[in-house]
Amino acid sequence: MTLRQIEARLGQISINEENVNPNPAKSKTAIIPSGAAAAALASLQDKQQAQHRQQQEPARHPLLKIAVHNQNNANNQWRPSDMPPPSPPRKTIESSGLESRRSNPASSSLSIPQPLSPRDFHLGMFEIGRPLGKGKFGRVYLAKERKNGFVCALKVLHKSELQHGKVEKQLRREIEIQSNLRHPNILRLFGHFHDSKRVFLILEFAGQGELYKMLRKVGKFSEPRAAEYIAQMAAALMYLHKKHVIHRDIKPENILVGIHGEIKISDFGWSVHAPNSRRTTMCGTLDYLPPEMLNGSNFHNEKVDLWSLGVLTYEFLVGAAPFEDNPVETQRRIVKADMKVPDFVSPEAADLIRKLLVIKPDQRIPLEEVVKHPWILKHCTGRSNITRRTGSGSSSSSSGSSSK
Ligand SMILES: Nc1ncnc2c1ncn2[C@@H]1O[C@H](COP(=O)(O)OP(=O)(O)OP(=O)(O)O)[C@@H](O)[C@H]1O
């Protein structure tokens with residue numbers, strides 16, 4: 001997607017507050033008929049447009065400018081202007097209105113500052129824009145923080161549906177883990193808050209949407225584009241594993257794309273903090289499940305993400321997952337690593353896939369070697385790529401890969 005297309009998408013923003021405002025009477029913003037959305041947006045953004053003119057930059061939609069600024073801003077360190085500095089580390093997510101947990105020994109090994117308290121946020125702080133998508137448990141909207149104009153994605157989850165789906169614990173874990181992560185290829189969770197019926201997640205806005213849709217649209221990616229994505233995935237996974245976080249559900253559906261074409265791992269619903277490095281839960285999606293989670297052995301560790309990375313590499317280059325079949329056959333093939341890399345895939349890429357899709361977890365190629373693999377080095381050269389891959393320095397990841 002080009003910047004022009006993103007501008008067009010952002011330009012379609014419409015005020016949709018009636019969908020998410022719990023108490024419209026109290027809101028300072030009136031409900032605006034959809035036909036008047038463009039005019040409303042224009043008036044709400046007068047200030048930004050004035051600044052825009054002053055800076056004499058080429059005409060560009062203000063929200064796009066803010067989104068670009070957000071992503072270029074090192075570490076995306078945002079907090080509303082009138083908020084106190086981040087509160088000291090919290091041991092529990094007590095005020096989400098969901099079942100409370102006494103303590104989480106795992107979180108103590110996350111050494112970065114703790115996220116802001118839910119008390120710091122409320123719905124009135126946001127101007128709600130167009131819907132970005134719908135998931136199993138709620139909707140996601142483009143949103144703008146009124147005071148600073150910070151653009152984000154607001155995910156609205158209904159507590160009744162979370163309870164019905166028995167996923168409160170999963171959501172709590174997702175919040176706890178994701179809000180502590182800072183990496184250019186991992187979607188930021190800035191904070192969360194709730195009202196009597198809903199939980200709201202304040203997420204980084206991924207301007208180019210879902211990687212899955214992109215892949216389905218083009219069928220398969222070119223080798224340079226796939227290599228760039230896999231390098232970014234490996235960088236993000238290195239970061240996660242260093243923090244003892246296993247994602248456990250790596251697949252194209254859980255990857256979003258930022259405004260510069262960089263990937264953003266999202267959906268930490270199945271992720272786990274692994275101080276003991278071995279977990280026993282069955283989770284994830286069949287096509288991406290590693291043998292050790294299917295063959296009855298009672299543990300797995302962070303190497304499950306290496307297997308999924310191999311499946312992902314294959315799917316990027318071939319357009320279908322390597323073990324795709326009926327469920328029984330898929331499982332049978334996974335436990336034997338029974339797959340064939342088609343001839344149109346380059347020997348270097350096939351080599352990496354085979355080194356990742358290894359039955360014995362300890363024999364899979366480590367991430368440190370993935371980023372140095374000849375296939376990655378062949379396609380990903382240049383300073384910006386290396387910075388992004390290693391995750392070192394700031395979180396600015398400005399070179400796009402989608403144009404390839
Ligand atoms: N941060 C974001 N930036 C841009 N678009 C987003 C963002 N988060 C979600 N979306 C869009 O909204 C859709 C719904 O997201 P959501 O996380 O609720 O569900 P999901 O992960 O797709 O599905 P599920 O609920 O089954 O996990 C996504 O598919 C995506 O298109």
Nearest atoms (heavy-atom pairs only) where V345 meets A350:
CG1-N, 3.8 Å
List, one per line, each side-chain donor-acceptor pair under 3.5 Å for residues 352-361, sequence neighbours excluded.
unit_1	atom_1	unit_2	atom_2	d
K355	NZ	D351	OD1	3.4
K355	NZ	D351	OD2	2.9

In Å, rounded to the nearest 0.5 Å, how long is the span from NE2 of H373 to SG of C380?
12.0 Å
So P290 and I334, do their side chains get closer than 4.5 Å, heavy atoms only?
no
Would you sort out whether E174 and R248 count as a salt bridge (charged side-chain N to carboxylate O under 4.0 Å, His left out), showing the intermediate values?
CA-CA 12 Å; E174 184 171 0; R248 304 200 299 181; over 6 Å; no
Please assess L309 against I230 for the test side-chain contact (heavy atoms from CB on, under 4.5 Å), listing each intermediate value before the final yes or no.
CA-CA 8 Å; L309 191 64; I230 294 302; 4.1 Å; yes
Measure the CG-CD distance between L306 and E302 for me, rounded to the nearest 0.5 Å.
7.5 Å
D287 and V311: which non-hydrogen atoms are nearest, and at how many Å?
O-CG1, 3.8 Å
For K378 and E348 the tightest heavy-atom approach is NZ-OE2, 3.4 Å
Which pair of non-hydrogen atoms, one from V140 and one from A153, has the smallest distance, and what is that distance?
CG1-CB, 3.9 Å
Would Q232 and E228 count as having a side-chain donor-acceptor pair, cut-off 3.5 Å?
yes
Distance alone, cut at 3.5 Å: any donor-acceptor contact between the side chains of H194 and K159?
yes
Applying side-chain hydrogen bond (donor to acceptor under 3.5 Å, both in side chains), name anything that partners D325, two or more places apart in sequence or on another chain.
R333
Any heavy-atom pair between the side chains of I265 and N185 that's under 4.5 Å?
no
Measuring from N180:CG to L189:CG, what's the distance to the nearest 0.5 Å?
9.5 Å
Could you tell me the separation between the CZ atom of R139 and the CD1 atom of I128, rounded to the nearest 0.5 Å?
13.5 Å
Hey, could you give me the CD/CG distance between Q208 and L256, rounded to the nearest 0.5 Å?
11.0 Å
Should E262 and K264 count as side-chain neighbours, where that means a heavy-atom distance under 4.5 Å?
yes
Under the side chain to side chain contact (heavy atoms under 4.5 Å, CB included) test against F323, which residue among L286, T330, L289 passes?
T330
Any residue meeting side-chain hydrogen bond (donor to acceptor under 3.5 Å, both in side chains) with E210, in chain and number order, not counting sequence neighbours
K213
Validation row: I175, H192 side chains within 4.5 angstrom (heavy atoms):
yes
Salt bridge flag under 4.0 Å for residues E168 and K166:
no
Using the test ring pair (Phe, Tyr, Trp, His ring centres under 6.0 Å), find all partners of F221 that sit at least two apart in sequence or belong to another chain.
Y229, F316
Return the minimal non-hydrogen interatomic distance between K197 and D195, and the atom names on each side.
N-OD1, 2.9 Å
Full working for side-chain contact (heavy atoms from CB on, under 4.5 Å) between N254 and F268:
CA-CA 9 Å; N254 290 338; F268 282 75; over 6 Å; no
Find out whether D338 and R332 are in side-chain contact, i.e. whether some heavy atom of one side chain is under 4.5 Å from a heavy atom of the other.
yes
Angle between ring planes, F126 versus F193, binned at 30° and 60°: parallel, tilted or perpendicular?
parallel
Taking atom types as modelled and ignoring hydrogens, do the side chains of E223 and W375 form a donor-acceptor contact shorter than 3.5 angstrom?
yes
Residue pair F190, F121: steps toward the ring pair (Phe, Tyr, Trp, His ring centres under 6.0 Å) verdict
CA-CA 10 Å; F190 295 110; F121 303 108; 9.1 Å; no
Determine whether D267 and L187 make a side-chain contact, defined as any pair of heavy atoms from C-beta on separated by less than 4.5 Å.
no
Using the six-membered ring of F137, assess whether NZ or CZ of K155 lies under 6.0 Å from its centre and within 45 degrees of the ring axis.
no
Suppose we screen for side-chain hydrogen bond (donor to acceptor under 3.5 Å, both in side chains). Which residues come up paired with E315, at least two apart in sequence or across chains?
R216, Y288
Could you check whether any side-chain heavy atom of V151 comes within less than 4.5 Å of a side-chain heavy atom of L142, counting everything from C-beta outward?
yes
For H247 versus S266, what's the shortest heavy-atom pair and its separation?
NE2-O, 3.1 Å
Counting only N and O atoms by type, is there a donor-acceptor contact under 3.5 Å from the side chain of R364 to the main-chain atoms of K303?
yes
So do the side chains of L157 and L201 get within less than 4.5 Å of each other, counting heavy atoms only?
yes
Separation between CD of E324 and CE of M339, rounded to the nearest 0.5 Å
14.5 Å
Which is it for V304 and I246 under the side-chain contact (heavy atoms from CB on, under 4.5 Å) test, yes or no, and what are the steps along the way?
CA-CA 8 Å; V304 295; I246 317 174; 3.5 Å; yes
For the backbone of S160 and the side chain of H158, can you confirm whether one donor and one acceptor N or O come within less than 3.5 Å of each other?
no
Of all residues at least two apart in sequence or in a different chain, which pass the side chain to side chain contact (heavy atoms under 4.5 Å, CB included) check with N326?
V328, E329
Does the pair Y239 and L181 meet the rule for a side-chain contact (heavy atoms from CB on, under 4.5 Å), with working shown?
CA-CA 9 Å; Y239 171 85; L181 302 172; 3.8 Å; yes
